[in-house]
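Here the structure is laid out as structure tokens; the discussion comes afterwards.
Along the sequence shown, residues carry numbers from 1. In each ligand, atom 1 is the first atom listed, and ligand 1 is the first ligand listed.
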Amino acid sequence: MAELPLDAPKPEQVSHGGKDTQVPKQDEERLKKWFIGSIDQGTTTTRFLIFDGTGTPIASHQMEFKQIYLHSGWIDHDPVEIVQTVETCIEEATKEFTKKGYSVSDIKAIGLSTQRETTVLWDSETGELLHSAIAWPDTRTQHIVRELKERKGADKLQDICGLPLSTYPSSVKLIWMLRNVDKVRKAYDEGRLAFGTIDTWLLFNLNGKDKKLHITDVTNASRTMFVNLHNLEYDSTVLDFFELDPKKIKLPKIVPCSDPNAFGSMASGPLKGVKITGCLGDQSAALVGQKGFSPGMAKNTYGTGCFLLYNVGEKPVMSHHGLLATVGYHFGGKRKPVYALEGSIAVAGSAVQFLRNNFKFIEASPDINELAATVKDNGGCVFVTAFSGLFAPYWIDDANGTIFGITQFTERGHIARATMEATCFQTKAILDAMEKDSGHKLAQLAVDGGMSNSELCMQTQADLIGIPVDRPVMRETTSLGAAIAAGFAVDVWKEFEELKEINKEDHTVFKPQISKEASSKLYKRWERAVEMSKGWLDSDDYPLSS
Ligand SMILES: Nc1ncnc2c1ncn2[C@@H]1O[C@H](COP(=O)(O)OP(=O)(O)O)[C@@H](O)[C@H]1O
Ligand SMILES: O=P(O)(O)OC[C@H](O)CO
């Protein structure tokens with residue numbers, strides 16, 4: 001049996017660029033005195049970082065928040081708690097910043113990056129929250145998706161909005177709330193239903209609810225299904241398909257990701273008055289933070305889920321192999337929107353958290369590596385971590401998490417390895433699909449996100465995809481991307497070229513270390529496991545609940 005090596009030789013340390021590309025001294029001095037705050041509101045954690053103009057993080061604070069699991073497959077977030085974590089992170093990071101001798105008045109702007117698709121509804125008149133937020137990996141809408149797939153026009157949707165009809169986008173979460181929450185239905189019938197993703201909810205709150213700001217950026221908007229990817233406006237065919245009356249539901253205004261005025265400013269707290277000038281979905285922010293500005297560049301972020309974005313340039317490319325088409329970023333002004341092909345994996349770091357919280361295998365997520373190192377390979381175990389079904393490129397909604405290959409030999413270490421390998425196998429499947437869609441083979445993969453801290457996981461990834469995996473030392477690329485979008489709006493930088501020195505040093509490169517034959521043998525076993533996991537859930541099982 002081909003197995004992944006335990007004690008791989010140390011990966012290489014490299015720096016990208018040379019002396020000739022250095023920023024002139026006077027610019028560096030100027031950039032060190034300009035600061036940008038950056039909110040990163042992810043699926044499991046919220047953080048706030050303050051960067052200087054050279055992209056160096058000066059202060060930060062991070063908090064986990066509650067994941068609410070009311071029934072099997074349901075994941076709710078408390079939108080009020082999310083706002084509170086943002087406010088606390090800003091307070092704490094700003095304290096650290098001023099303690100270090102810096103002045104708040106030098107913070108030029110704030111950028112915002114958020115988990116995408118997670119849906120919040122409130123009363124547009126009173127601001128009253130009408131339900132908890134339904135988080136993006138939630139699968140309570142499986143039966144609605146099945147029903148909608150039968151509706152006339154279902155086959156046309158993806159060509160318009162770039163997303164497949166699945167439990168993932170905001171549209172079906174909204175439909176569920178309209179059908180199941182009386183207050184939501186009433187607000188809709190009375191024309192007072194405000195819809196938003198987390199960016200919109202945060203901007204509404206951080207500006208002070210009295211301002212009634214109702215806005216989203218184009219990357220977050222492109223995850224709802226309601227937006228036509230070709231003209232970046234709400235699409236009446238899609239709204240009709242979902243039987244939504246635009247007069248009854250208030251959809252946020254769509255603007256580019258970088259704007260000096262559109263996103264307002266902080267209404268309270270230590271950064272009161274500071275303008276919010278950048279806003280992007282977190283995966284777009286990571287693409288910007290990795291400086292994936294040219295077509296053909298890609299990044300893979302291993303957070304709660306894992307998301308591979310591949311820059312396709314200024315025209316959307318519709319996938320024929322199970323990927324999503326989405327907006328990469330749009331900096332506004334004369335700049336055109338840039339699109340991406342995306343491979344979304346619903347479960348990545350969240351499977352590590354699952355081993356920690358539910359099975360008590362480990363005390364903290366990083367401990368998974370020590371546990372994995374107690375065995376030399378996966379011992380024949382394959383974990384199809386289909387807690388939300390499987391997303392790209394499979395789109396299997398009738399599977400749940402399944403571990404194959406368990407015998408009396410199986411130890412916790414084998415499961416730990418199989419857990420991390422699941423994300424690596426899915427990344428390989430996504431890269432294969434991307435190669436088919438784009439006609440190009442990626443030369444190397446830029447990575448970031450919590451699970452990319454694992455050397456074992458990143459080496460496994462390189463072994464399975466057969467190309468080098470490049471990990472920067474400063475892995476807060478999502479926050480950096482939001483800071484970059486904010487900084488462009490207030491002229492901290494004017495051209496992408498000026499960013500070339502940022503986060504260039506001390507990259508670690510993981511090179512493939514097993515043969516193609518060994519790698520493909522492992523992958524075949526994964527593919528077999530995916531096939532065998534299909535069809536577990538029967539239509540009688542819906543809706544799922546405990
Ligand atoms: N050293 C590590 N090894 C493996 N997984 C890790 C490690 N550190 C963090 N993680 C996982 O990374 C995830 C957090 O990553 P992060 O990028 O902060 O996510 P998000 O932005 O989705 O909140 C968690 O699910 C955690 O289990
Ligand atoms: O919280 P993350 O980093 O896993 O990202 C969540 C995505 O935006 C969901 O689409």
Side-chain angles (χ1 to χ4, degrees), residues 38-47 49 60 62-65 67 75 77 82 85 89 113-119 133-138 163 166-170 173 197-199 219-220 222-224 280-287 289 299-309 324 326 340 342-358 361-373 385 387-388 391-392 416-417 419-424 447-461 471 475-482:
S38 187
I39 300 164
D40 175 5
Q41 203 304 296
T43 311
T44 46
T45 62
T46 299
R47 61 196 88 170
L49 278 86
S60 68
Q62 176 172 350
M63 290 169 79
E64 271 197 36
F65 61 93
Q67 305 293 311
I75 308 177
H77 289 168
I82 285 183
T85 58
C89 287
S113 78
T114 51
Q115 52 169 320
R116 307 165 302 166
E117 300 95 15
T118 298
T119 304
I134 299 186
W136 62 268
D138 184 290
L163 309 181
S166 74
T167 57
Y168 183 28
S170 314
K173 303 179 198 310
T197 38
I198 293 293
D199 55 317
T219 64
N220 276 297
S222 76
R223 313 299 296 188
T224 59
L280 318 90
D282 54 6
Q283 302 310 322
S284 286
L287 182 66
K299 68 89 207 174
N300 203 22
T301 301
Y302 301 72
T304 305
C306 182
F307 303 89
L308 203 155
L309 263 68
L324 312 180
T326 197
E342 173 174 324
S344 330
I345 300 171
V347 173
S350 53
V352 175
Q353 281 183 321
F354 166 79
L355 294 189
R356 181 193 76 178
N357 298 341
N358 300 40
F361 274 19
I362 45 177
E363 270 182 34
S365 293
D367 300 342
I368 192 168
N369 297 288
E370 208 177 307
L371 180 59
T385 48
F387 301 162
S388 302
F391 285 9
R417 276 180 178 257
T419 301
M420 291 197 282
E421 287 171 10
T423 301
C424 302
V447 300
D448 51 52
M451 211 163 89
S452 76
N453 289 319
S454 166
E455 311 260 313
L456 180 68
C457 183
M458 292 302 98
Q459 185 57 53
T460 303
Q461 188 65 86
R471 182 182 70 179
R475 293 196 266 287
E476 298 291 355
T477 40
T478 301
S479 303
L480 179 61

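Side-chain atoms of T304 and S350 include no donor-acceptor pair closer than 3.5 Å. Between the side chains of S113 and D282, no donor-acceptor pair is found at a separation under 3.5 Å. R223 and T326 share a donor-acceptor pair across their side chains, judged by distance under 3.5 Å alone.
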* Asked: What's the verdict on side chain to side chain contact (heavy atoms under 4.5 Å, CB included) for C306 and N300, showing C-alpha distance, side-chain angles and the deciding distance?
  -> CA-CA 7 Å; C306 182; N300 203 22; 3.4 Å; yes
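Every protein residue with a heavy atom nearer than 4.0 Å to ligand 2 is included here: G42, T43, Q115, R116, E117, W136, Y168, D282, Q283, T304, G305, F307.
Remark: F307 engages W136 in a ring pair (Phe, Tyr, Trp, His ring centres under 6.0 Å) (not counting sequence neighbours). A search for side-chain hydrogen bond (donor to acceptor under 3.5 Å, both in side chains) contacts involving T224 returns nothing, not counting sequence neighbours.
Between the CD atom in Q41 and the CG atom in D199 there is a gap of 10.5 Å [rounded to 0.5 Å]. In this structure, CD1 on I198 lies 8.0 Å from NE2 on H77, to the nearest 0.5 angstrom.
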Dump the pairs for me: ligand 1 N or O, protein N or O, distance under 3.5 Å, to 0.1 Å.
unit_1	atom_1	unit_2	atom_2	d
ligand 1	3 (N)	N369	ND2	3.2
ligand 1	8 (N)	G450	O	3.3
ligand 1	12 (O)	M451	N	3.4
ligand 1	15 (O)	G450	N	3.3
ligand 1	17 (O)	G450	N	2.9
ligand 1	18 (O)	R47	NH2	2.4
ligand 1	22 (O)	T304	N	3.0
ligand 1	22 (O)	T304	OG1	2.5
ligand 1	23 (O)	T44	OG1	3.1
ligand 1	23 (O)	T45	N	3.4
ligand 1	23 (O)	T45	OG1	3.1
ligand 1	25 (O)	G349	O	2.9
ligand 1	27 (O)	G349	O	3.0
ligand 1	27 (O)	S365	OG	2.8

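The closest side-chain heavy-atom distance from L324 to Y168 is below 4.5 Å.
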